[in-house]
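All remarks here apply to the structure that follows.
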Amino acid sequence: LWGLLAVIGIYFTLKLTAFLVNPDSLVSKILDLTRIDLMAFGGIGAYVVFKNIHFVKRLIYLPALQVIAWLVLIYSCVFKPIHIYSFIDYEVNAFFYFIIILNVGTNPKTLVRLENAVLNFLGKISYGLYVYHLIILFLLVYCFKQMDVNLPDYGNYGKVAVYVLVPGLTILLSTLSYHYLEAPILKLKSKFSAVKSSSSAVEVVPQESTSMATTSSVFWENSQIKTP
């Protein structure tokens with residue numbers, strides 16, 4: 001925990017110093033883009049959950065704080081992320097998203113539940129959504145240019161076309177990728193894994209060494225790993 005806090009403190013100090021000296025400098029831009037402090041901030045959330053720090057979780061679980069966090073997210077999506085000062089904007093927004101993530105992921109009384117068939121499916125193909133969405137966007141722009149279609153000329157119709165085509169094609173490609181590329185690779189990976197990552201995790205005992213098998217069995221029992 002102290003290491004994470006040190007990373008945040010040192011990084012934010014460097015970021016603030018660079019911003020005050022010259023906000024347009026290369027150092028300031030690099031610090032602004034890397035956002036290492038936000039990763040450390042996420043690590044603190046994981047630490048709170050792993051160590052089950054009750055007083056922090058009680059504060060995070062406050063309904064009023066949840067409402068504020070969701071309103072911030074909605075405002076950011078509809079208009080733009082909240083802006084205070086450019087050197088601290090990411091940290092401020094990250095705090096509210098931190099509240100949302102911990103509540104949705106760990107709070108049994110969370111105000112907003114995201115467990116449903118649609119979101120579970122999108123979560124399953126989320127790697128493809130992340131990888132392919134920009135590719136789809138660039139390909140659509142290229143195709144429209146080749147057809148001499150200028151979307152701004154179509155006003156809101158052009159925006160609707162983009163907002164429908166990009167997510168739709170991305171979901172389609174991600175689904176195909178999951179079933180015909182990712183799933184086969186995951187099955188192949190499971191053959192070489194000591195502990196499978198899927199819900200059907202079982203112990204794989206190497207046949208070459210009895211002592212290794214015994215050690216693996218003891219570790220499995222002592223670790224008390226529970227699969228969902």
Side-chain angles (χ1 to χ4, degrees), residues 33-35 38-39 41-43 45-46 49 66 69-81 90 93-94 96-108 110-204 225-228:
L33 288 174
T34 52
R35 306 170 197 172
L38 301 188
M39 291 186 280
F41 196 55
V49 174
Q66 292 185 59
W70 280 105
L71 288 176
V72 168
L73 176 60
I74 293 171
Y75 177 86
S76 299
C77 293
V78 175
F79 300 102
K80 61 181 180 179
Y90 291 127
N93 284 277
F96 293 108
Y97 305 151
F98 172 87
I99 300 299
I100 291 174
I101 292 171
L102 284 189
N103 275 282
V104 169
T106 66
N107 184 4
T110 180
L111 298 181
V112 178
R113 297 187 180 277
L114 300 181
E115 284 291 335
N116 59 69
V118 174
L119 291 181
N120 286 341
F121 170 74
L122 293 177
K124 183 184 294 185
I125 64 171
S126 60
Y127 179 76
L129 296 176
Y130 171 75
V131 171
Y132 299 124
H133 76 281
L134 276 180
I135 298 175
I136 295 294
L137 180 60
F138 289 140
L139 285 176
L140 281 176
V141 170
Y142 175 79
C143 291
F144 284 134
K145 285 185 176 180
Q146 294 299 312
M147 295 184 296
D148 292 326
V149 174
N150 187 22
L151 288 178
D153 293 341
Y154 294 87
N156 291 331
Y157 294 105
K159 293 180 181 179
V160 171
V162 172
Y163 292 149
V164 171
L165 287 173
V166 172
L169 292 175
T170 302
I171 291 173
L172 175 61
L173 181 58
S174 300
T175 302
L176 295 174
S177 174
Y178 177 80
H179 287 290
Y180 297 106
L181 179 62
E182 297 165 40
I185 291 176
L186 290 174
K187 290 180 180 179
L188 183 64
K189 184 198 76 169
S190 66
K191 296 181 180 180
F192 303 96
S193 299
V195 178
K196 295 185 179 180
S197 58
S198 67
S199 59
S200 60
V202 295
E203 182 185 357
V204 177
I225 297 177
K226 297 181 179 179
T227 55

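If you read the sequence from its start, that first residue is 1, and numbering goes on from there.
- In this structure, the separation between CG on Asn107 and CD1 on Ile100 is 13.0 Å, given to the nearest 0.5 Å.
- With rounding to the nearest 0.5 Å, the separation of CG in Leu165 from CZ in Phe144 is 5.5 Å.
- Across all their heavy atoms, Asn93 and Ser76 have their closest contact at OD1-OG, 3.8 Å.
- For the pairing with Gln66, the side-chain contact (heavy atoms from CB on, under 4.5 Å) check across Leu71, Thr110, Leu102 returns one residue only, Thr110.
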Please tabulate, for the side chains in residues 168-179, all donor-acceptor contacts under 3.5 angstrom to protein atoms that are two or more places apart in sequence or on a different chain.
{"residue": "Thr170", "atom": "OG1", "partner": "Val166", "partner atom": "O", "Å": "2.5"}
{"residue": "Ser174", "atom": "OG", "partner": "Gly128", "partner atom": "O", "Å": "3.2"}
{"residue": "Ser174", "atom": "OG", "partner": "Leu129", "partner atom": "N", "Å": "3.1"}
{"residue": "Ser174", "atom": "OG", "partner": "Thr170", "partner atom": "O", "Å": "2.7"}
{"residue": "Thr175", "atom": "OG1", "partner": "Ile171", "partner atom": "O", "Å": "2.7"}
{"residue": "Ser177", "atom": "OG", "partner": "Tyr132", "partner atom": "OH", "Å": "2.8"}
{"residue": "Ser177", "atom": "OG", "partner": "Glu182", "partner atom": "OE2", "Å": "3.0"}

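- Separation of atoms CZ (Phe138) and SG (Cys143) is listed at 13.5 Å; rounding is to 0.5 Å.
- A distance of 5.5 Å separates OH of Tyr97 from CG of Leu73, quoted to the nearest 0.5 Å.
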side-chain contact (heavy atoms from CB on, under 4.5 Å) evaluation trace for Leu137 with Leu140: CA-CA 5 Å; Leu137 180 60; Leu140 281 176; 5.5 Å; no
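- Ile99 and Asn103 make their closest contact through O-ND2, 2.8 Å (heavy atoms, listed as atom of the first residue, atom of the second, distance).
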